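Notes follow the structure.
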Amino acid sequence: MAKISGRKRGRIASRLAAAAVTAALVGTGASAFAADNPSAKAFKAPAAKPAKGALAKAQASDVGDAPVFGLYGIDKSGGVYSYAPDGNGGLESRTPVDTGWDGIKTVNQVDQDADSLPDGVWEGDYNGNLYYAKNDGSAPFKIGGGWNTYNTLLSPGNLGGAGAGDLLGRDGSGNLYLYLSYGDGKMTSRYLVGGGWGQYTQLAGNGDLTGDGKADIVARGGDGTLWLYKGTGNYKAPFEGRTKIGGGWNTYNAIFAPGDIDLDGKADLIGRDAAGALYLYKGTGNAAAPYQGRVQIGTSGWNTYRLFF
């Protein structure tokens, strides 16, 4: 795991409760947005709340530089709920934060200034429009249309070496493309990463899994095998060849990476099974075995969510 300076660690400690642990989406009326932005929603972190117990200790320690984003779920009626890490490897009770997200198809949180905390979200609607909303509650702006060409959008962190989090898109032909972020929500033209990615039923990633300071992703094959793609930091070839993590991952109907849930400085992975139970795979920072054995952090009921971010 790449080390961070005391100055950066101080920023994380001072902003953790406000921008990551107790972050929430603050909804506003539709009239707050331009007429051509009917689906975009504002994103905002509330004022900081005092940390207690294990969470306060985690804030004060050198926890590393894994993304600390917190977890959000959008249910089938368009309601949004937040779950803060509890400081002990689990999640606190859910907090309702907004409604009316039934028009949103994809949401990706992104760290734009390399401080391991979210600065905004890319939101895609069912009409193929992509928007960017800062987490200060300001009105989102439209990136453009035509994004329905992708069946998967994923922001796993900084893949190109410039500091801001980037965006991946996989199209229906199995081609994977990389969009480099300018740090303000806008992006470069796409770069072709490669083909053959249609064999995977899930792609996930948010931060460094191997301890080399570069963002990585994991991909689940149709047979349930999970594969690791190590990041290179080179946007022209952002991933090394795949290495096998293990089998049996078809037990989950959703796999997603919200960053560091147990606040140990390493990026984690979450899986939801058919019964609606939630399992945490704690990151190790070791490329040979990037995750520990699973720990259940949620009982049945998580199938109420159609989308996590």
Side-chain angles (χ1 to χ4, degrees), residues 1-2 64-67 69 106-116 118-122 124 130 132 143 147 149-221 225-245 255-260 266-269 283 285-288 290-291 309:
M1 176 62 62
D65 57 358
F69 285 5
T106 64
V107 185
N108 280 277
Q109 297 190 71
V110 58
D111 172 15
Q112 300 285 24
D113 55 9
D115 68 353
S116 303
D119 298 296
V121 293
W122 281 302
L130 186 70
Y132 182 74
I143 300 294
W147 288 81
T149 190
Y150 301 116
N151 54 39
T152 300
L153 289 175
L154 175 67
S155 181
N158 169 22
L159 294 172
D166 304 314
L167 189 67
L168 292 170
R170 182 185 63 180
D171 68 15
S173 298
N175 295 315
L176 191 68
Y177 294 91
L178 170 63
Y179 291 84
L180 301 177
S181 173
Y182 287 116
D184 59 0
K186 299 177 182 178
M187 294 171 283
T188 64
S189 298
R190 68 184 188 177
Y191 297 90
L192 178 64
V193 174
W197 290 81
Q199 67 183 295
Y200 298 119
T201 58
Q202 294 264 274
L203 301 176
N206 190 359
D208 175 24
L209 292 173
T210 63
D212 62 0
K214 300 179 178 65
D216 312 302
I217 66 171
V218 296
R220 184 183 65 185
T225 301
L226 194 68
W227 301 89
L228 169 68
Y229 283 86
K230 289 183 62 177
T232 65
N234 176 6
Y235 73 89
K236 295 181 179 180
F239 300 113
E240 297 182 10
R242 71 182 189 178
T243 57
K244 185 177 179 179
I245 294 176
I255 296 173
F256 53 99
D260 182 11
K266 300 179 178 67
D268 307 314
L269 190 70
N286 180 359
Y291 300 114
F309 67 96

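Because the structure is predicted, anything quoted here is derived from the model rather than measured.
In this structure, Pro67 and Asp111 have side chains that are not in contact, with every pair of non-hydrogen atoms separated by 4.5 Å or more. In this structure, Trp147 and Leu153 have side chains that are in contact, with non-hydrogen atoms separated by less than 4.5 Å. Using a 4.5 Å heavy-atom threshold, the side chains of Asp212 and Lys230 count as touching. In this structure the side chain of Asp216 reaches within 4.5 angstrom of the side chain of Asp208, judged on heavy atoms. A heavy-atom distance below 4.5 Å is not found between the side chains of Trp197 and Leu168. Phe69 is not listed as a side-chain neighbour of Pro258, based on a closest heavy-atom distance of 4.5 Å or more. At least one side-chain heavy atom of Val193 sits under 4.5 Å from a side-chain heavy atom of Pro238. At least one side-chain heavy atom of Ile143 sits under 4.5 Å from a side-chain heavy atom of Met187.
Summarising the geometry, atom CG belonging to Leu228 is positioned 9.0 Å from atom CD1 belonging to Ile217; distances are rounded to the nearest 0.5 Å. From Arg170, atom CZ reaches atom CG of Leu203 across 5.0 Å, with rounding to the nearest 0.5 Å. Atom OG1 of residue Thr106 and atom CG of residue Leu167 lie 8.0 Å apart, to the nearest 0.5 angstrom. Rounded to the nearest 0.5 angstrom, Asp113 CG and Asp119 CG are separated by 4.0 Å. Note that CG of Asp171 is 5.5 Å distant from OG1 of Thr149, once rounded to the nearest 0.5 Å. Here OH of Tyr132 is found 12.0 Å from NZ of Lys186. Values are rounded to the nearest 0.5 Å.
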task: Please assess Asn234 against Leu159 for the test side-chain contact (heavy atoms from CB on, under 4.5 Å), listing each intermediate value before the final yes or no.
output: CA-CA 7 Å; Asn234 176 6; Leu159 294 172; over 6 Å; no

- request: Could you go through the side chain to side chain donor-acceptor pair (under 3.5 Å) check for Ser173 and Asn175 one step at a time?
  value: CA-CA 6 Å; Ser173 298; Asn175 295 315; 4.7 Å; no

task: Show your working on side-chain contact (heavy atoms from CB on, under 4.5 Å) between Lys214 and Phe239 and close with a plain yes or no.
output: CA-CA 10 Å; Lys214 300 179 178 65; Phe239 300 113; over 6 Å; no

task: Go through the steps for Ile255 and Arg220 under the test side-chain contact (heavy atoms from CB on, under 4.5 Å), then give the verdict.
output: CA-CA 9 Å; Ile255 296 173; Arg220 184 183 65 185; 3.8 Å; yes

- request: Show your reasoning for whether side-chain contact (heavy atoms from CB on, under 4.5 Å) applies to Ile245 and Val218.
  value: CA-CA 9 Å; Ile245 294 176; Val218 296; 3.7 Å; yes

- prompt: Could you walk me through whether Thr232 and Glu240 pass the side chain to side chain donor-acceptor pair (under 3.5 Å) check?
  reply: CA-CA 7 Å; Thr232 65; Glu240 297 182 10; over 6 Å; no

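Side-chain atoms of Ser155 come within 3.5 Å of backbone atoms of Asp166 as a donor-acceptor pair (strictly under, hydrogens ignored). Remark: the backbone N or O of Val121 is not paired with any side-chain donor or acceptor of Gln109 at under 3.5 angstrom. Using modelled atom types, one side-chain atom of Thr188 and one backbone atom of Leu180 make a donor-acceptor pair closer than 3.5 Å. Looking at Ser116, its side chain does come within 3.5 Å of a backbone N or O of Asp65 through a donor-acceptor pair.
Shown here for Ala267 and Ala66, the closest heavy-atom pair between the two residues is N-CB, 3.7 Å. In this structure, Gly163 and Ala114 approach most closely via the heavy-atom pair O-CB, 3.8 Å. Closest heavy-atom contact between Tyr291 and Leu209: OH-CD1, 3.4 Å.
The ring of Tyr179 has its center no closer than 6.0 angstrom to the ring center of Trp122. For Tyr177 and Tyr191, the ring centers are positioned 6.0 Å apart or more.
Here Tyr229 pairs with Tyr200 under the side chain to side chain donor-acceptor pair (under 3.5 Å) rule; sequence neighbours left out.
One side chain, Gln112 or Ser181, offers a donor N or O that lies under 3.5 Å from an acceptor on the other.
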